[in-house]
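By convention here, the first residue in the shown sequence is residue 1. The model shown is predicted, which means the values in this text are computed figures rather than measured ones.
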Amino acid sequence: MSDIKYDKNTIDNLMKKIKENPDVIENYRELSNIYVVNNEFDSALSIYNKMLEIFPDDIQALINSGSIYFYKKDFQKVIELYLRAAVKDPSNPSIYFNLGNVYAEIGNFSNALKYYTKSIEMDKNQSQVYSALGILFQDNDNLEEAKENYKKAIELEPDCGEYYVYLANIFQREGNFEEAALYYKKALEFNPEDSKAALCLANAYASMKMENEAFKYFERTVKIEPENYSAWLCWAITLSDAGIVDKAMELYKKAIEIDPIKPNAYILLANILTNEKRYEEAIELYKSAIRLVPAEEKRGRSILCVFIANAYMLLEDIHNAIDYYRKALKEAPENNEVRLIYVEIMNAYITRKVQKQ
């Protein structure tokens, strides 16, 4: 909610003015602005609709109401309003940019590209449009075009750290961690409090096995954003990979404390405990994780059942191991590998039972 306050009298007075003088557009603008800055979008939309009944060609009302429908995900209505605006003001690049955003949101690559390109034709100095083109190409796996557009955005607005992060993400995706690190660092120069850039830089260093640099930026990330679950998790993974197991376990526990309904930290901590031969503790964590995995995620649940079964096997608790291998098959009956393990263990179990008779 915005800090901008208003009282009922202000609203009532403006509504009265609109009723008495419905042809004075400034009253509609003032009232709709009050609603927008206070995030009362349905109320704002009702005012824009009234405006458009009387002033159907008002560009601002068309664009602003379109933005609210975009927020509400009524994309067909958004397109209708923006196209009306484009007819009334065909040389306005922001309208075509907005249309590009709508089509990008609904996954219509060709129309998104068409309207972003049209916006650029109207004004070649729009860094935000080049950035949007970069995202569009990146989402469609055309990484070279994405890079070129991000570089153009940076050229036009070199102090925007966000653009450097976008470009760095592509290099990270391509496995060019050195180049990614350079751009993440550049982003942090412009915005030292950018926790996303700091975390990505830490992960780039981790990928290059430069653990000390990685640890430095993980620490920086959690100083900026102490409740950043991903930062604690990635830091713990890097520590574990570096063989610093006790510290890794500590950070996995911190991640669980921050977000106890995400299963990842439970699983990774359980994996360490299994390697440490602390099987009972690992089993409890795996069981906690499986309770957090949605029922429809059959494969993930099956894998966790296998982890639990394996831990029981290491404890020589065949009865519980068989039970969890059976549960793993129930979750993912097409998993032939689990089926073979289950059959082998069952045969061994039956043979042992027979020999004891």
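- By the 6.0 Å contact criterion, NZ on K298 is enclosed, its count of non-hydrogen atoms from other residues, nucleotides or ligands being greater than 12.
- Hydrophobic clustering (side-chain heavy atoms under 4.5 Å, transitive across Ile, Leu, Val, Met, Phe, Trp, Tyr) keeps I272 apart from Y279.
- Between the side chain of T117 and the backbone N or O of L113 there is at least one donor-acceptor pair closer than 3.5 Å.
- Within the 4.5 Å cutoff, the side chain of N140 has no heavy atoms near those of the E145 side chain.
- L167 contributes atom CG, which lies 9.5 Å from atom CD of E148 (distance to the nearest 0.5 angstrom).
- Distance OG1/T221 to CG/D194: 9.0 Å, rounded to 0.5 Å.
- Taking CG of L251 as the reference point, atom CG of L268 lies at 12.0 Å (rounded to 0.5 Å).
- The salt bridge (charged side-chain N to carboxylate O under 4.0 Å, His left out) search around R29 returns D58, not counting sequence neighbours.
- Exactly one residue among N320, I318, D323 makes a side chain to side chain contact (heavy atoms under 4.5 Å, CB included) with Y312. That residue is N320.
- Within the model, atoms OH of Y71 and CG of L45 stand 12.5 Å from one another, a figure rounded to the nearest 0.5 Å.
- Atom CE of M15 has 12 or fewer heavy atoms from other residues, nucleotides or ligands within 6.0 Å.
- Side-chain rings of F75 and F70 approach one another, their centers coming within less than 6.0 Å.
- Under a hydrophobic-cluster definition in which Ile, Leu, Val, Met, Phe, Trp and Tyr are linked whenever side-chain heavy atoms come within less than 4.5 Å, directly or via other members, L292 and I258 are assigned to the same cluster.
- Between the side chain of E179 and the backbone N or O of N176, no donor-acceptor pair lies under 3.5 Å.
- Under the 4.5 Å side-chain criterion, counting only non-hydrogen atoms from C-beta, L315 is in contact with I283.
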### Message
Between N310 and Y325, does the side-chain hydrogen bond (donor to acceptor under 3.5 Å, both in side chains) criterion hold? Intermediate values first, please.
### Response
CA-CA 9 Å; N310 290 345; Y325 283 129; 2.4 Å; yes
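- Remark: the backbone N or O of A255 is not paired with any side-chain donor or acceptor of D259 at under 3.5 angstrom.
- Pairs passing the ring-ring contact (aromatic ring centres under 6.0 Å, His included) check and including a residue from residues 285-311, sequence neighbours excluded, read Y286-F307.
- With respect to the salt-bridge test (charged N to carboxylate O, under 4.0 angstrom), the residues E144 and K147 qualify.
- Within the 4.5 Å cutoff, the side chain of E162 has no heavy atoms near those of the N191 side chain.
- Looking at S119, its side chain does come within 3.5 Å of a backbone N or O of P93 through a donor-acceptor pair.
- Here the shortest heavy-atom pairing between G66 and Y82 reads C-OH, 3.5 Å.
- Of the candidates Y150, F171, F190, F190 is the only one forming a ring-ring contact (aromatic ring centres under 6.0 Å, His included) with Y164.
- One finds a salt bridge joining E80 and K77 here, because a Lys/Arg side-chain nitrogen approaches an Asp/Glu carboxylate oxygen to under 4.0 Å.
- Taken to the nearest 0.5 Å, the CZ atom of R220 stands 5.5 Å off from the CD1 atom of I224.
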### Task
Determine, step by step, whether Y217 and E213 satisfy the side-chain hydrogen bond (donor to acceptor under 3.5 Å, both in side chains) criterion, reporting the C-alpha distance in whole Å, the side-chain angles of both residues, the deciding distance to 0.1 Å, and the verdict.
CA-CA 7 Å; Y217 283 98; E213 286 297 306; 5.0 Å; no
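- For the pair S131 (side chain) and S127 (backbone), a donor-acceptor distance under 3.5 Å is absent.
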For residues 225-239, dump all side-chain donor-acceptor pairs below 3.5 Å to protein atoms at least two apart in sequence or in another chain.
unit_1 : atom_1 : unit_2 : atom_2 : d
E225   : OE1    : S195   : OG     : 2.7
E225   : OE1    : N228   : ND2    : 3.2
N228   : OD1    : S230   : N      : 3.2
N228   : OD1    : A231   : N      : 3.0
Y229   : OH     : A265   : N      : 3.2
W232   : NE1    : P226   : O      : 2.9
T238   : OG1    : C234   : O      : 2.9

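- When all heavy atoms of E331 and A295 are compared, the pair lying nearest together is OE1-O, 4.5 Å.
- Panel note: side chain Y96, backbone P90; a donor-acceptor pair is recorded below 3.5 Å.
- At distances below 3.5 Å, not a single donor-acceptor pair connects side-chain atoms of D89 with backbone N or O atoms of A85.
- For the pair K186 and Y183, the cation-pi test (distance below 6.0 Å, angle within 45°) is failed.
- Note that the CZ atom of F177 and the NZ atom of K209 stand 9.5 Å from one another [nearest 0.5 Å].
- Across all non-hydrogen atoms, the minimal contact from A197 to A187 is CB-CB, 4.1 Å.
- Surrounding CG of N212 are at most 12 heavy atoms belonging to other residues, nucleotides or ligands under 6.0 Å away.
- Between F55 and D23, the shortest heavy-atom distance links the atoms CZ-O, 3.5 Å.
- Transitive grouping of hydrophobic side chains (ILVMFWY, heavy atoms separated by less than 4.5 Å) brings I244 and Y252 into a common cluster.
- A donor-acceptor pair under 3.5 Å is formed between the side chain of Y266 and the backbone N or O of P260.
- Sparse packing is recorded around CD of Q76, with 12 or fewer heavy atoms of other residues, nucleotides or ligands lying under 6.0 Å away.
- Taking the charged nitrogens against the carboxylate oxygens, E219 and K216 have no contact shorter than 4.0 Å, which rules out a salt bridge.
- Residues V165 and Y184 share a closest heavy-atom pair of O-CE2, 3.9 Å.
- Within 6.0 Å of NZ on K118 lie no more than 12 heavy atoms contributed by other residues, nucleotides or ligands.
- In plain terms, the two heavy atoms of F41 and V36 that are nearest each other are CE2-O, 4.0 Å.
- Within 6.0 Å of CZ on R173 lie more than 12 heavy atoms contributed by other residues, nucleotides or ligands.
- Under a hydrophobic-cluster definition in which Ile, Leu, Val, Met, Phe, Trp and Tyr are linked whenever side-chain heavy atoms come within less than 4.5 Å, directly or via other members, Y166 and L156 are assigned to different clusters.
- In this structure, N21 contributes its side chain and V24 its backbone to no donor-acceptor pair below 3.5 Å.
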